[in-house]
Amino acid sequence: MKVLVTGGCGFIGSNFIHYLARKHPTYKIINIDKLTYAGNLGNLKGLNKKKDYWFIKADICDKPVMKKVFQKYRPEAVVNFAAESHVDRSISRPAIFLKTNVLGAATLLDLSIGFGVEKFLHISTDEVYGSILRGKFTENSMLHPSSPYSASKAAADALVLAYHTTYGLPALITRSSNNYGPYQFPEKFIPLIIHNALHAKKIPLYGDGKNVRDWLYVEDNCEAIDMVLHKGRIGEIYNVGGHNEYQNIAVIRGILKALRKPASLIAFVRDRAGHDRRYALSITKIKRDIGWTPRTPFATGLRKTIQWYTNNPGWLKNTQTGAYRSFYKKYYSKLGLSGS
Ligand code: NAD
Ligand code: DAU
């Protein structure tokens, strides 16, 4: 199979390319990435030796360039990870989220129709459902996105389904819960905790710290995406959850304990605007129809993740670019913390 992966230099995209190359060594993989602050070619070290792997630096919103890519490589499948993905950034600057996450997706959908793509797998998120205090969301639950990020993801989901209904695009969607693992940019909660703890910096904890997320080890998500790509029913949505619900405060305490760092590093700060209290997904459908369940208990995944970050200080250091620093300097000083 010839698979075009977008956003393949980001966290989940790069883990997925490694997974795909291992699982299906004969597949041809085309990786399109704009290399924003979140994209890192270093995540794909080693793959350059693979014969049937190509990287093209391009913006999914740039239709003429993307058309040339489709013309040249004629992908059979498209897996769209490319997105602006951080909620706090979407609150400060929503416009780029609408551009990449909605218009960029629309560009890929148009080209996929035009070039007869056989499967279009769109990577979405549990955040499109909004918050739930009790119970779990199913794929039929109403969408109530709370942030500009999740609203842009919900808009893209609606477009994908509309292209399936109107033009017959063979599309599929996965909606996963919070991923964690190697190569995650340290603006997201778990790598941020590890990074700040290793550097003896304060760790901002929003609100009362009792918001709940369902943590999914990235490798498990890659397996789910691969299974949906091969076995999913066209036109369907699949929730992908980790069965690991924890309050944020418990996650910080666990990591500090594992790293033998003091709890005094925790800094309670002003809550995130529109902060969803709890996410929880029913995964009955993907279990029943595809046979996927998460494999990694949170303690195991967290141990591996902490180990990966402590063994890769160079990777962490490289993420602290000018763009990262200028955003966080302002953002942290608004929270009353040092931005260095
Ligand atoms: P990420 O921010 O780590 O990576 C995004 C990648 O997309 C980067 O490599 C970036 O350079 C690239 N990109 C951004 N704009 C682009 C553009 N216009 N053209 C081409 N490339 C562009 O994100 P992630 O955490 O790996 O998330 C990947 C996808 O999974 C996103 O669609 C996100 O909404 C979804 N998702 C993430 C999580 C999670 O917990 N991280 C959970 C559920 C769903
Ligand atoms: O649920 C899936 C989503 O998970 C993905 O779609 C998003 O791309 C991804 O960013 C993530 O969104 P969250 O907002 O849940 O993740 P984040 O890592 O930003 O925050 C996790 C929780 O930790 C959330 O309740 C906010 C809290 N938090 C986060 C940061 C960065 C803090 O308390 N302090 C922080 O500094």
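Numbers for residues simply follow the sequence, beginning at 1. Atoms within a ligand are numbered from 1 in the order they appear, just like the ligands themselves.
- In this structure, Arg89 forms a cation-pi arrangement with Tyr37, its terminal cationic atom sitting closer than 6.0 Å to the ring centre and no more than 45° off the ring axis.
- Checked options Arg295, Lys23, Arg22, Lys304; the residue passing with Glu219 is Arg22 (criterion: salt bridge (Lys or Arg N to Asp or Glu O under 4.0 Å)).
- Nearest to atom 19 (O) of ligand 2 among the protein's heavy atoms is Arg272 NH2, 2.8 Å.
- Heavy atoms of Arg175 found under 4.0 angstrom from ligand 1: none, in either backbone or side chain.
- Within the structure, ligand 1 has Ala58 among the residues with a heavy atom less than 4.0 angstrom away.
- Counting only non-hydrogen atoms, the option in Phe189, Tyr279, Phe268, Tyr246 that gets closest to atom 21 (C) of ligand 2 is Phe189.
- In Glu127, the part holding a heavy atom less than 4.0 Å from any atom of ligand 2 is the side chain.
- In this structure, Cys9 counts as a contact residue of ligand 1, since one of its heavy atoms falls inside 4.0 Å of the ligand.
- Between Asn178 and ligand 2, at least one N/O pair is under 3.5 Å apart.
- Contacts between Glu187 and ligand 2 below 4.0 angstrom, taking non-hydrogen atoms only, involve the backbone exclusively.
- Among all non-hydrogen protein atoms, the one lying nearest atom 24 (C) of ligand 2 is His275 NE2, 3.4 Å.
- Interface of Gly39 with ligand 1, defined as ligand atoms under 4.0 Å from a residue heavy atom, comprises 8 (C), 9 (O), 11 (O).
- Contact check on Lys136 versus Glu245 returns a salt bridge, with a Lys/Arg side-chain nitrogen under 4.0 Å from an Asp/Glu carboxylate oxygen.
- With distances taken over non-hydrogen atoms, the option nearest atom 9 (O) of ligand 1 out of Asp33, Asp126, Ile12 is Asp33.
- Residue contacts with ligand 1 include Thr100, since one of its heavy atoms falls under 4.0 Å from the ligand.
- The part of Val87 lying near ligand 2 is the side chain, judged by heavy-atom distances below 4.0 Å.
- Cation-pi geometry between Lys188 and Tyr180 is not met: the NZ or CZ atom fails to fall both under 6.0 Å from the ring centre and inside 45° of the normal.
- In terms of polar-atom proximity, Glu84 is not counted as a contact of ligand 1, lacking any N or O under 3.5 Å from an N or O of the ligand.
- Ser177 counts as a contact of ligand 1, since one of its heavy atoms falls under 4.0 Å from the ligand.
- Considering backbone and side-chain N/O atoms, Thr36 comes within less than 3.5 Å of an N/O atom of ligand 1.
- Close approach of ligand 2 to Arg213 (heavy-atom distance below 4.0 Å) involves ligand atoms 15 (O), 24 (C), 25 (O).
- One finds a salt bridge joining Asp59 and Lys34 here, because a Lys/Arg side-chain nitrogen approaches an Asp/Glu carboxylate oxygen to under 4.0 Å.
- Nearest residue to atom 34 (N) of ligand 2 from Ser177, Pro204, Ser85 is Pro204 (criterion: closest heavy atom).
- Applying the 6.0 Å contact sphere to NZ of Lys285 captures more than 12 heavy atoms from other residues, nucleotides or ligands.
- The Thr125 neighbourhood of ligand 1 comprises atoms 43 (C), 44 (C), with distances under 4.0 Å to a heavy atom of that residue.
- Counting heavy atoms closer than 4.0 Å to ligand 2, residue Asp126 contributes side-chain atoms (C-beta onward) but none from N, CA, C or O.
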- Message: Let's go through Phe11 and Phe185 carefully: what are the C-alpha distance in whole Å and the side-chain angles of both, what is the deciding distance for ring pair (Phe, Tyr, Trp, His ring centres under 6.0 Å) to 0.1 Å, and is it a yes or a no?
- Response: CA-CA 7 Å; Phe11 164 48; Phe185 196 83; over 10 Å; no
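- Of all the heavy atoms of Leu192, the ones lying under 4.0 Å from any atom of ligand 2 belong exclusively to the side chain.
- Counting atoms of ligand 1 from 1 in the listed order, those under 4.0 Å from a heavy atom of Leu35 are 11 (O).
- Across the listed options Gly8, Ala83, Gly7, Ala83 owns the non-hydrogen atom lying nearest to atom 5 (C) of ligand 1.
- In this structure, Tyr183 and His18 have parallel ring planes: the angle between them is below the 30° cut-off, well short of the 60° mark.
- Near Lys153, meaning under 4.0 Å from any of its heavy atoms, are these atoms of ligand 1: 31 (C), 32 (O), 33 (C), 34 (O).
- When the heavy-atom distances from atom 34 (O) of ligand 1 to Phe81, Phe189, Tyr149, Phe11 are ranked, the shortest goes to Tyr149.
- Checking Leu205, Asn248, Asp214 against atom 22 (C) of ligand 2, the nearest heavy atom belongs to Asn248.
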